[in-house]
Amino acid sequence: MGLLENVLFAPGVTDDQRQAATNRMNSDPGVPDSRKTTQPFWLEDASPISNVRSEGLQEEVDIVIIGSGITAASVARELLKGGHASTPKIAVLDARDICSGATGRNGGHINEAGFDVYSNVAEVLGKDIAAKVTRFRLGHLPLLLEIAREEQLLEETQIRTVESVFAFFDSTRFLEAKAALALFKADMPLESKDHRIFEAEDARKKFLLPDICGAITYPAGAVWPYKLVAGIFHRILESHGGNIWLESNTPVNAILRPDDDNSKFTIVTPRGNIKATHVVHCTNAHAGHLIPGLRGHIVPLRGHMSAQVPGKSFPDQSHRSWSFIYAKGFDYLTQLLPNYPSSSPLCAGSELMMGGGFAQGLGGGIEDFGVATDSRPFDFHTKVHLSGILRAAFAEEKWGEEDSKPIKSMWTGNMGFTHDSLPLVGKLHSSLTGRNLHPKSIGSEWIAAGFNGEGMVHAWRSGVAVAQMMLEDLAPNSSYGWQEWFPDQLLVTEERLKMSAPSQ
Ligand SMILES: Cc1cc2nc3c(=O)[nH]c(=O)nc-3n(C[C@H](O)[C@H](O)[C@H](O)COP(=O)(O)OP(=O)(O)OC[C@H]3O[C@@H](n4cnc5c(N)ncnc54)[C@H](O)[C@@H]3O)c2cc1C
């Protein structure tokens with residue numbers, strides 16, 4: 001069972017709560033609304049392209065990408081990479097500022113522990129598939145580091161490898177994790193060679209957490225996610241200005257199917273319409289708005305994040321990241337580098353970027369199911385948890401005196417969850433979009449979404465895969481190689497959707 005079913009059917013959840021959540025989960029998530037949004041710390045340091053747009057929309061392009069988060073950046077970059085028969089013309093449309101959705105709101109944690117996903121997937125789908133899914137996820141950190149290097153964004157984005165600490169505040173969860181790690185080490189020795197177990201006494205001292213039962217460490221990544229994605233878009237605009245148009249604050253309200261008069265899709269926005277051969281949905285939590293058949297399959301889920309000032313004695317820990325694992329639920333944490341040059345008045349460097357508190361929310365998190373707005377009010381219990389956990393978890397003598405305003409910023413964001421916990425990637429059948437293709441039409445609609453709160457280890461390579469699928473469609477008989485590394489289980493198939501149908 002994935003997180004959705006775990007929470008929906010948790011003891012203590014009433015029938016009324018479950019039904020109300022199910023109704024929200026199956027309903028139209030709508031278009032993101034910029035009027036009610038919370039302002040994330042990351043976006044305070046706005047990119048020069050945050051609200052870029054053309055004077056007028058292009059009338060016709062080859063490909064429209066809807067969304068401008070990490071998935072859209074990946075699709076666009078792959079399509080424009082060069083070496084293709086011809087370079088496509090692309091319009092990227094976002095309802096709000098560039099990269100102000102989940103990617104501009106997340107924890108910046110590029111975190112693939114490996115052992116938990118491997119053992120869960122192996123149990124349901126077998127070891128070979130589990131190994132492919134785990135490798136697919138693990139491949140994100142080296143790839144994102146390489147792209148940041150290529151685009152000369154290493155310093156600006158702070159992207160780096162960190163020692164990630166799975167810190168267990170619950171002994172049962174620690175025991176389960178050790179069993180999963182043993183399996184992972186036996187089956188994937190190369191990928192697990194840097195994983196280490198620390199029993200309670202060592203772990204408490206080493207990681208400054210006096211109440212943990214033990215820890216597992218492994219390499220992971222940390223990044224300023226907004227700077228990475230906005231930076232990549234900026235570079236793409238500079239290098240491919242004649243082929244790509246970024247249109248911020250341009251919501252797509254509808255898509256019309258190709259008809260007798262035109263073999264292209266019509267993308268309807270308040271600024272006018274665009275015709276396109278292909279449409280790529282990179283709208284994650286909001287995918288169900290334009291793809292009615294995916295309502296209930298990609299479920300919006302609201303998450304909370306915060307930027308906090310460490311206690312005055314807290315030693316720099318920016319070489320680490322953490323997952324705090326409780327009997328119920330988890331939090332995630334990274335720290336910004338000290339003395340980081342930012343134009344944001346909020347950013348002084350060394351901020352602790354703390355997210356989670358989902359399970360501590362009302363009804364064990366169920367009230368955040370089906371919530372597709374990143375607005376206030378915060379869940380009160382989540383807010384209390386996030387505001388207090390750092391000073392409660394870290395050793396008092398290592399934390400020291402509190403800053404006078406320790407919470408610099410708190411915000412929310414929307415993720416897209418699926419019932420089998422795997423992303424949905426590939427070509428969309430007309431039964432899902434409700435737009436039958438005309439015999440004359442040569443294009444299709446595509447999607448890469450449903451990253452289950454782990455877009456930093458799912459989204460980039462899903463975007464590359466969907467772009468390569470599309471390029472193969474544009475140039476029949478070409479082959480881009482995505483099949484070698486991309487797990488088939490992530491493809492959008494009718495069979496898969498039937499197997500994981502939403503409850504009513
Ligand atoms: C609080 C929080 C913390 C998280 N922390 C982490 C983390 O530490 N590590 C990790 O791996 N993952 C994390 N995630 C998940 C991760 O952020 C997402 O999986 C990832 O950013 C999804 O990227 P995306 O590009 O698919 O979607 P998004 O970044 O959400 O982009 C979708 C875009 O589509 C636009 N859009 C939607 N509908 C329309 C429309 N009709 N017309 C035009 N535009 C539209 C939106 O405005 C938005 O900009 C977190 C998420 C949240 C909310």
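Everything quoted here is computed from the prediction, not taken from an experiment. First listed ligand is number 1; within each ligand, the first listed atom is number 1.
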**Asked** Protein residues near ligand 1, heavy-atom distance below 4.0 Å?
**Response** Val31, Pro32, Ile66, Gly67, Ser68, Gly69, Ile70, Thr71, Leu93, Asp94, Ala95, Gly101, Ala102, Thr103, Arg105, Asn106, Gly107, Gly108, His109, Thr250, Pro251, Val252, Cys282, Thr283, Asn284, His286, Leu290, Gly303, Met305, Tyr332, Gly413, Asn414, Met415, Phe451, Gly453, Glu454, Gly455, Met456
**Asked** How would you list, by chain and number, every residue that makes a ring-ring contact (aromatic ring centres under 6.0 Å, His included) with Tyr340, sequence neighbours excluded?
**Response** Trp224
**Message:** Could you check, using the six-membered ring where one of them is a Trp, whether Phe330 and Phe324 have ring centers closer than 6.0 angstrom?
**Reply:** no
**Near-ring test His385/Tyr326, centroid separation under 6.0 angstrom** = yes
**Request:** For Ser306 and Gln308, indicate whether the former's side chain and the latter's backbone hold a donor-acceptor pair under 3.5 Å.
**Result:** no
**Item:** Within 6.0 Å of CD in Glu155, more than 12 heavy atoms from elsewhere
**Value:** no
**Prompt:** Asp374 pairs by side-chain hydrogen bond (donor to acceptor under 3.5 Å, both in side chains) with which of Arg302, Arg105, His304?
**Reply:** Arg105
